[in-house]
Amino acid sequence: MTPATRVRHASAIAAVVLLGATACAADTSTEPAAAPAVEQDDASDDLIGELINTEGQSVGTLSLSEDNGSVRGEVSLTDLTVDPGFHGFHLHETAVCEADAPDGPFTTAGGHWNFTDAEHPGHVGDMPALLVIENGTAEAMFVTDRFTLDDFPDEGVAVILHEDRDNFAHIPDRYQSEDADEPGPDETTLATGDAGDRYACATLTP
Ligand SMILES: [Cu+2]
């Protein structure tokens with residue numbers, strides 16, 4: 001045994017003795033064991049938004065709840081008159097749902113909610129596309145870690161269901177926009193996913 005290995009050996013024994021001492025101390029303790037921290041699922045903290053269409057009629061809800069460090073979203077929509085298929089579905093930055101906004105329905109909800117430098121589809125408020133089926137309903141459950149419910153600003157945000165599909169800025173380099181200098185997604189695509197007009201809107205306020 002070299003002097004160096006002897007020293008390491010001695011340290012290992014010391015560590016074992018120390019661990020033993022700690023275990024003994026714990027065994028003789030009369031303190032009740034601390035209960036493990038359990039995250040309470042407090043339904044009152046959930047955020048629920050009721051979406052209205054451009055006629056002001058309710059078409060269902062999006063609810064968001066904390067789920068072990070991530071957020072669970074549940075969507076249940078009915079009476080949708082958009083084409084069946086996938087539709088862009090995002091949180092937008094301003095909690096205002098104005099069907100008769102001057103620039104078009106629900107445009108006052110602003111752009112996608114985002115507090116990072118990311119572009120679409122990396123925005124905080126980018127959620128999975130919603131599949132509307134032939135009978136005009138859409139049901140979905142998803143989990144996201146893009147935000148927590150604590151991240152919501154006091155004024156809230158809006159959720160928007162769009163008329164069109166979200167392309168998630170997936171524009172292969174063989175395509176070039178008239179507005180861009182180079183192939184691939186242009187500025188509009190990187191901001192919106194080209195999901196088209198806004199069909200329904202809800203505010204989500206903590
Ligand atoms: Cu949107």
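When a ligand or atom number is given, it counts from 1 through the structure's own listing order. Predicted, not measured: the structure shown is a model, and the values here were computed from it. Computed over heavy atoms, backbone and side chain alike; hydrogens, waters and symmetry mates excluded.
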(request) Write down the atom of Leu80, the atom of Leu161, and the distance for their closest heavy-atom approach. (result) CD2-CD2, 4.1 Å
(message) Test of understanding: clusters of I, L, V, M, F, W, Y form through side-chain heavy atoms closer than 4.5 Å, transitively. Do Phe142 and Leu91 belong to the same one?
(response) yes
(request) Would you tell me whether Glu50 and Thr61 have side-chain atoms, one donor and one acceptor, within less than 3.5 Å of each other? (result) no
(request) Indicate whether the side chain of Asp67 and that of Ser70 have a donor and an acceptor atom separated by less than 3.5 Å. (result) no
(request) Would you kindly say whether His120 and Asn114 are connected by a side-chain donor-acceptor distance under 3.5 Å? (result) no
(message) Tell me whether Thr94 contacts the main-chain N or O of Val96 through its side chain, where contact means a donor paired with an acceptor under 3.5 Å.
(response) no
(request) For the Cu ion (ligand 1), check which protein N, O or S atoms are under 2.8 Å away and list them. (result) His90 ND1, His92 NE2, His162 NE2
